[in-house]
Structure formats: structure tokens, C-alpha cells
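Indexing begins at 1, ligand by ligand and atom by atom, following the structure's order.
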Amino acid sequence: MSQPQMRRAIESGVPDNKQFLHPLLAKNYGNWKWHDRPRPGVLHHVANSGDEVWTVRAGTQRQMDVHTIRKLCDIADRYAEGHVRFTIRSNIEFMVSSQAKVGPLVEALESSGFPVGGTGNSVSMIAHTQGWLHCDIPGTDASGAVKALMDELIVEFRREEMPNRVHLSTSCCEINCGGQADIAIIVQHTKPPKINHDLVANVCERPAVVARCPVAAIRPALVNGKPSLEVDEKKCICCGACYPPCPPMQINDPEHSKLAIWVGGKNSNARAKPTFMKMVASGLPNNPPRWPEVTVVVKKILAVYKEDARPWERLSDWVERIGWPRFFEKTDLPFTKYLIDDWRGARANLNASTHIRF
Ligand code: SF4
Ligand code: SF4
């Protein structure tokens, strides 16, 4: 009896990156002896085989047009042995096999408008979410806020003068692809969604929308004889989760969608366990194109952290040592009722909060 044909697995996901590595990285993969940082923006790795690789890191704007990508590729071909890679914070890295190539590469990048830095204890490029360009639910343009902020923080990107590395992020809604960061700028809706009842029945899967609400604030309703939805505004926590599956429940608002700043998030296990962020400033105006109110707060927090933290303390370690009351005193940020989680299911998580213990 013939064996049944085995179906081959359908390969999907990220392709094997080894085919794209610089030849020296491929040759010495997993076999490195030591590394150092000769200057901000440059890494130097030495392999057990004796091979040496210098990596030059530069900031990019993440969302790039084809001309900018061609410019970066031309620099890679001319000055950097034809290979590049991107870091998770949208920095671009060029690898070279000789120290003599580092200077001309740095010069080529800087003169083309790509600042070299972002290594070690610097403020790295801001990780940001997709914004208006790719996503259908943003309340702000995350990449625009990044540009405005990095224009102000470029000096700290070029230097390694922070107590430890500083990771920043921006998120253009409250619920989806933002991540933990030392300082995060996140959209904050302050009013329940406005419902366009004429469209709900045509556009929305109503049971799915009802199920989506984390506080059970949405109910099916008949409005003007049409099937629609209604929101119990006393229960609504303005999270925005109903808007993606049901665009007629518009939550973005030019006046009432604000920005909040959170601090102390960390993904890594280095030195201390990972931490969640806490909100420290709320209700900041969502004020394009330069978001000046947000920039002021972020720069204030960074300046106090730089001045007050001990060497190698991440922002969360520093706050943990001095305590949250001292954090608000030192940064001169007001502690308001809006920073307290008043969701009625919060009895459990208030006990886990740094703001209130009882
Ligand atoms: S953070 Fe939200 S709005 Fe922004 S890209 Fe991600 S899912 Fe879309
Ligand atoms: S914004 Fe959030 S809490 Fe309010 S109705 Fe929509 S899903 Fe529920």
C-alpha cells in the first residue's frame, strides 16, 4: 500500500536572515570574543577567529520614501561593503571590516543628514507606531511627534551621557501596538465615542463590538427604527477598543483626544526584572505639527533623570530608588486625580500600583 503523500509545511513568517548578513557576521555567527564602543554611534566586535567588525549606527525617520532608501543603499555600497541592517528602534547599521573605513562612513552619513549615535547610554531613536500613514484608527501621527521630539533630543542621541540607555516610544492609540519604554507618549481619549447611528447596521458586526468592550458598556439598541448600539457613558473608560471594529463609533476628537506620558517601562531582564510603565502626565494637548507641550515634559523628565540617577540606573530603577512622590517633586509634574486608576475593577490593580498602597 502506498504511503500517503505528506503535505509540506507552508513556510510563512520572517525569512532566515543569515542570507543577508555581512559575510564577516555570517562567518563568525555566535562566535564573538569581546566588543567595545570606540565612540558614540560605533560598535567594535572581535571574533574568536581574530576577525574584527566595526558597526556604524545612524538615526532614520523610520517611514522612508524610496529616494531616502536609495541614498542609504548608495552609502552602503560606496562606504560600507554593501550591507545594512535595521535595529528595533529604526536605527540603520552599516558594517565594515576595517577601522580606516569608519571615518569616511560617518562623514558620508552625517553630510547626508543621518545623525550617527544611538549606542550605549544615549537616548536612542524613538520607537513609534504606524500613525496616519498605515493604520486606520490613530488619534495622532506618532511619526510626526517622533520627528518633533528627536529634533530636540538629537544631542542626547549623538552622545552617551545618560545614566543608562533611554528608550522612548510613541503610540497613536491607547490599546494596540505601543510597547513599554522608559518614556512613552500615548494617545489618551477623554470622551466616549460618538455614534453615527445611520451607519452602524451597515458597517458593524454588532455582537463583536459589544464583546469588544472591556467594561461591558455597549448594548444593542434600536435608534430611529434602525438596529444600532448605545454606550453607557458612566461605565465607558474611553479606551477606544470599539472604534476599530466599528468606525461609526468615532472616538478620535481634535479637542478631547489628548496625549499622556508614561514612564518606567522596561522589556529586558538586564540588572532588574521587566517593569510596566506608569502614567505621570495626562491631558496634554495633541498639538501637531510640533507637539511643544509634550516636548517640554519629556525634556524635563530626561534632564532630572540625567542629573539625579546613579550610573547604570535605568529610569525605572531610579524611580524605584527615590520613590514616586520624589519623582513628582523633582520633575515638578503635578500629581492629579487623573493619574489614579479609578476604573471600578481596579481594586486588584491599585494594590499593584506604585501610586497607592492600602
Ligand atoms: S498604536 Fe494604535 S492607532 Fe497607532 S498604529 Fe498601532 S494600532 Fe494603529
Ligand atoms: S471606548 Fe472602550 S470602554 Fe468605551 S464603549 Fe468603547 S470599548 Fe467600551
Side-chain angles (χ1 to χ4, degrees), residues 61-64 88-90 125-149 167-181 183-197 199-200 203-221 223 227-262 265 267 276-277 279 282-284 286 288 291 294 338 341-346 349:
Q61 62 269 51
R62 182 169 181 259
Q63 292 177 330
M64 286 182 278
I88 54 168
R89 308 202 91 74
S90 310
M125 247 303 282
I126 303 174
H128 72 80
T129 48
Q130 310 302 316
W132 290 321
L133 202 55
H134 285 298
C135 187
D136 53 0
I137 59 169
T140 190
D141 180 23
S143 47
V146 166
K147 163 71 178 148
L149 254 177
H167 287 168
L168 278 70
S169 72
T170 63
S171 304
C172 36
C173 74
E174 288 180 80
I175 51 168
N176 286 340
C177 54
Q180 297 294 318
I183 304 177
I185 298 123
I186 303 178
V187 156
Q188 176 189 37
H189 300 299
T190 59
K191 298 280 181 216
K194 286 184 195 152
I195 305 177
N196 182 336
H197 295 289
L199 293 179
V200 169
V203 176
C204 311
E205 190 85 31
R206 290 190 307 151
V209 185
V210 170
R212 185 94 177 216
C213 180
V215 294
I218 307 176
R219 290 186 292 259
V223 180
S228 187
L229 297 164
E230 66 182 8
V231 170
D232 181 343
E233 298 199 349
K234 285 205 179 73
K235 280 189 184 172
C236 175
I237 55 171
C238 309
C239 67
C242 50
Y243 174 51
C246 188
M249 297 184 73
Q250 179 61 261
I251 189 136
N252 288 326
D253 184 279
E255 187 187 345
H256 300 299
S257 291
K258 307 281 191 181
L259 289 172
I261 294 184
W262 299 61
N267 292 320
F276 285 120
M277 308 178 292
M279 194 200 292
S282 74
L284 300 173
N286 183 12
W291 291 271
V294 169
Y338 301 109
D341 185 349
D342 64 351
W343 176 47
R344 68 197 174 122
N349 62 17

Quick one: look up the protein heavy atom nearest [atom] and list residue, atom name and how far away it is.
atom                    : value
atom 5 (S) of ligand 2  : Ile218 CG1, 3.6 Å
atom 4 (Fe) of ligand 2 : Cys236 SG, 2.3 Å
atom 2 (Fe) of ligand 2 : Cys239 SG, 2.3 Å
atom 6 (Fe) of ligand 2 : Cys242 SG, 2.3 Å
atom 8 (Fe) of ligand 2 : Cys213 SG, 2.3 Å

Atom pair [atom1]/[atom2] of [X] and [Y] - distance to nearest 0.5 Å:
X      : Y      : atom1 : atom2 : value
Leu168 : Met125 : CG    : CE    : 10.0 Å
Thr190 : Tyr338 : OG1   : OH    : 9.5 Å
Leu133 : Arg62  : CG    : CZ    : 9.5 Å
Asn286 : Cys172 : CG    : SG    : 10.0 Å
Cys173 : Ile251 : SG    : CD1   : 10.5 Å
Arg212 : Cys204 : CZ    : SG    : 11.5 Å

Numbered atoms and elements of ligand 2 in range of Ile237, under 4.0 angstrom, heavy atoms: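 So the atoms of ligand 2 that pass are 3 (S).
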Identified side-chain contact (heavy atoms from CB on, under 4.5 Å) partner of Thr170 from the options Ile126, Ile186, Asp141, Leu259: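 Between Thr170 and the candidates, side-chain contact (heavy atoms from CB on, under 4.5 Å) is satisfied uniquely by Ile126.
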Metal site atom 4 (Fe) of ligand 1, protein N/O/S atoms found under 2.8 Å: 1
Contact with ligand 2 for Gly240, non-hydrogen, under 4.0 angstrom: yes
Listed once per pair and sorted, the salt bridge (Lys or Arg N to Asp or Glu O under 4.0 Å) pairs that draw on residues 184-196, sequence neighbours left out: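 Checked against salt bridge (Lys or Arg N to Asp or Glu O under 4.0 Å) - neighbours excluded - the pairs reaching residues 184-196 are Lys194-Asp253.
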Min side-chain heavy-atom separation Trp291-Ile185 under 4.5 Å: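 No, side chains not in contact.
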